[in-house]
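What follows is a set of notes on a single structure, which appears directly below.
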Amino acid sequence: MTPSSKSILIIGSGISGLTCAIECASRGMNVMLASPFPSERSQSVLAAGGINCVLPKEGSPDTIKQHIEDTLKGGCNIAGRRAVEGLCNEAPDVVKWLESLGTVFTRDEDGNIRSRAFGGQTYPRTYFAGTSTGKQIVTALVMEARRYEGMGLIRRLFWTDFYAGLIKDGRCHGALMYNEATRSVESITADAVVVATGGQNALFGKTTGSTQCDGYTAGKLFTQGVDLKNLEFIQYHPTAIETDQKMMLISEAARGEGGRLYYEDEGKRVYFMEDKYGERGNLMPRDVVSREIYMTGRQVYLDVTFLGDKKIKERLPEIYELCMKYRNLDITRTSIPIKPSVHFFMGGIAVGLNHETRIRNLYAIGECASIYHGANRLGGNSLLAAIYSGRVAARSIAASDGGMKEEDWSSDVRKAQSDLESRRASKSRFSVTYVRRMITEAIDGSLGIVREKETLTKGINDIDYYMSVADKINYDSSEFEYLNYSLNGLLTLAKAVMISADSRCESRGAHLRSDYTETEEDYCRSTIISYDGGKYTTSLVAEDEYGS
Ligand SMILES: Cc1cc2nc3c(=O)[nH]c(=O)nc-3n(C[C@H](O)[C@H](O)[C@H](O)COP(=O)(O)OP(=O)(O)OC[C@H]3O[C@@H](n4cnc5c(N)ncnc54)[C@H](O)[C@@H]3O)c2cc1C
């Protein structure tokens, strides 16, 4: 098949989905970009601090090789070298491309785009647009996508949620999608399907991310034969503030600009990160900082006051406003009381170097895919991975000779529709909202910064219980219907995360166990979890060996 005769369904329209759509359309492919909300409301717009790359800069000793080594080391040597080399080698081109599309990066006095330091970096290499980098990138990408929309190559579908993959004989032919406007399921066939649905935030209680990202698509595809990988590596961001609804991120930019962490002991400040790790202690990788905050057992504060009023309002305006709005806290005068929060998922859908899954013609990109970050992601590498993975998948689809087979999917649509109807008619003692809350309680209770066998086993038992009563759940027809049908996928995913965490009997990166405190050479590989008829199986693989 030539690229221009291919049709592509991309599910999720954040930064990775948008990039893949643009890259496919630029090769003449016909793209459907489906999501419940427009890109401007995706989690990607929350990205604050910046995007990593090494640009040639006079006097800077930084190199792409150093970016590669920092990324591998930050990920505790689990990520595959070939994947990370691809990511970091293309990073300068990614940032130049974003600039060419109109992303308004912050500049220095000479007019060059300005970088700052993020955690785990040997040299400052995070490029940013104030503290709203994600918003600026999404704006530029949406404009570019609209150009292709004008040419008839991209069609954006809103109010559209993933229901299930159209998968037969190890091959994907499209997806069943739920239309929120008509409250019905439709089949969309395509030569390739790209999953770009983000992380798994809604599985947890309060996080820094968006509840649009719940991991349902990964959970459902898992039951349809897709492997998941490294689910146990859940990133706790060290600095967040709690509000009634969610955790609000205090971007690493605050520490990149010089912010210092401390706690108080008998009226004296203890700069525990600097005491233990020296001058760059506040900018250690996130797994290390969160662990150290947890170990203090105290309220920890972040101090930026010494930067002064002008610098804070110029360089950290969103953080200034956020603290004012949610805490009535003037950070030019007062330290910020912070707390680690679930923030990012290193694990997700298992993909190979071309972002292909084990199912033919099915790809996964962005935060829902697991490949570059190993056991801990470095700040600024995720926006990069979202864009790079969108590019890689588009190239791979263009080069592939695969395509869908003409099939009649009407019986799958009828079955899905009748499942929806029977849920609407159900009457029972468990409400769906209650069970969803129980999932988050079980997962929060067993997958904190520190885990152990006992709490993981309890979590698995709790999830098993709710799986066993799934047919007794009162699905509320007045509710947003997606919350009803996605429940089983969430339960399956929650159990897969806990089993993965239980199977890794060591401490590494973001996976810290009180019963296995050492890092073990035998576990210096990725965890793959597979599903077959209700049975979950884990195995360990060397990262670069996964995929075709
Ligand atoms: C507060 C915050 C700040 C961050 N700051 C940075 C930073 O400075 N630098 C950095 O590198 N990274 C940062 N990150 C991480 C980074 O923003 C994300 O990893 C990245 O934007 C993810 O992009 P994505 O395209 O994979 O997913 P998302 O932007 O999350 O998009 C997911 C898309 O999938 C759709 N979707 C979800 N479920 C379904 C479904 N069932 N059916 C259909 N569609 C669905 C959503 O509606 C959305 O359109 C930050 C994250 C947060 C939460």
Side-chain angles (χ1 to χ4, degrees), residues 9-21 33-53 91 116 118 126-138 141 156-164 175-178 180 194-202 207-221 235 237 239-240 246-253 256 318 322 341-346 348-349 364-369 372-373 377-390 482-483 485-486 489-490:
L9 170 62
I10 300 174
I11 304 166
S13 65
I15 282 179
S16 64
L18 274 170
T19 304
C20 191
L33 182 60
S35 56
F37 297 102
S39 307
E40 292 86 340
R41 289 194 61 190
S42 65
Q43 181 179 284
S44 288
V45 296
L46 298 179
I51 177 167
N52 293 344
C53 82
R116 62 180 157 214
F118 257 33
T126 303
Y127 290 86
F128 58 98
T131 31
S132 62
T133 311
K135 206 183 287 176
Q136 301 300 333
I137 293 176
V138 168
L141 293 177
R156 292 188 294 162
L157 310 172
F158 302 122
W159 306 111
T160 310
D161 305 316
F162 177 79
Y163 186 92
L176 293 177
M177 302 295 289
Y178 173 74
E180 289 179 29
V194 183
V195 181
T197 47
Q200 306 151 17
N201 303 72
T207 76
T208 60
S210 162
T211 47
Q212 272 178 64
C213 302
D214 60 4
Y216 164 70
T217 307
K220 179 69 189 178
L221 288 170
Q235 179 164 81
H237 194 291
T239 57
K246 72 190 297 269
M247 302 296 291
M248 304 297 291
L249 179 75
I250 304 296
S251 164
E252 207 158 276
E318 268 87 0
L322 185 147
S341 163
V342 170
H343 176 64
F344 181 86
F345 302 88
M346 276 69 77
I349 297 174
I365 58 174
E367 192 170 335
C368 74
Y372 303 108
H373 310 299
R377 167 184 71 105
L378 294 189
N381 266 355
S382 164
L383 288 177
L384 172 62
I387 294 166
Y388 173 70
S389 60
Y482 173 79
L483 297 185
Y485 79 72
S486 61
L490 295 196

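Each ligand, and each atom within it, is numbered from 1 in the order the structure gives.
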For ligand 1, is [X] a contact, meaning one of its heavy atoms is under 4.0 Å away?
X	answer
Ile51	no
Asp161	yes
His343	yes
Thr207	no
Gly134	no
Lys220	no
Ala196	yes

Identify, by atom number and element, the atoms of ligand 1 in contact range of [X], meaning under 4.0 Å from any of its heavy atoms.
X	answer
Thr217	40 (C), 41 (N)
Tyr482	41 (N)
Ser13	33 (C), 48 (C), 49 (O)
Gly209	53 (C)
Cys213	30 (O)
Phe344	19 (O)
Gly366	26 (O)
Gly380	9 (N), 10 (C), 11 (O)

Backbone N or O of [Y] within a donor-acceptor pair of the [X] side chain at under 3.5 Å?
X	Y	value
Arg116	Gly49	yes
Thr197	Gly12	no
Glu40	Val45	no
Ser44	Ile15	yes

Considering only heavy atoms, does [X] approach ligand 1 within less than 4.0 Å through its side chain, its backbone, both, or neither?
X	value
Gln235	neither
Leu383	both
Ala47	both

Which residue holds the protein heavy atom closest to [atom], what is that atom called, and what is the gap in Å?
atom	answer
atom 39 (C) of ligand 1	Thr197 CG2, 3.7 Å
atom 12 (N) of ligand 1	Arg377 NH1, 3.3 Å
atom 38 (N) of ligand 1	Gln212 O, 3.4 Å
atom 35 (C) of ligand 1	Gly12 CA, 3.7 Å
atom 27 (O) of ligand 1	Gly198 CA, 3.5 Å
atom 16 (C) of ligand 1	Ser382 OG, 3.4 Å
atom 18 (C) of ligand 1	Glu367 OE1, 3.3 Å
atom 44 (N) of ligand 1	Pro36 CD, 3.2 Å

Nitrogen or oxygen of [X] less than 3.5 angstrom from that of ligand 1:
X	answer
Gly49	yes
Tyr216	no
Ser35	no
Phe162	yes
Cys368	no
Thr208	no
Thr160	no
Gly50	yes

| said: Just to verify, which of Ile51, Asn52, Thr126 counts as forming a side-chain contact (heavy atoms from CB on, under 4.5 Å) with Asn381? | reply: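 Single pass found, and it is Asn52.
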Is there side-chain contact between [X] and [Y], with at least one heavy-atom pair below 4.5 Å?
X	Y	result
Ile250	Leu322	yes
Ile349	Val195	yes
Tyr216	Phe162	yes

Does the Lys NZ or Arg CZ of Arg377 fall within the cation-pi geometry relative to Tyr372 - under 6.0 Å from the ring centre and within 45° of the axis?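 Here Arg377 fails the 6.0 Å and 45° test against Tyr372.
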Nearest non-hydrogen partners of Gly390 and Ile365, listed with the distance =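 Where Gly390 meets Ile365 most closely, the heavy atoms are CA-CD1, 3.9 Å.
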So, Tyr482 versus Asp214: side-chain donor-acceptor pair below 3.5 Å or not?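 Yes, Asp214 and Tyr482 have a side-chain donor paired with an acceptor closer than 3.5 Å.
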Q. Would you say the side-chain atoms of His343 and Thr208 include a donor-acceptor pair closer than 3.5 Å?
A.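 Yes, a side-chain donor-acceptor pair sits under 3.5 Å.
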Evaluating non-hydrogen atoms only, which member of Gly14, Gly348, Ser44, Ser486 is closest to atom 23 (O) of ligand 1?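 It is Ser44 that holds the nearest heavy atom.
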_So that I know where these two stand, are Phe158 and Phe37 an aromatic pair - ring centroids less than 6.0 Å apart?_
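No: the rings miss the under 6.0 Å criterion.
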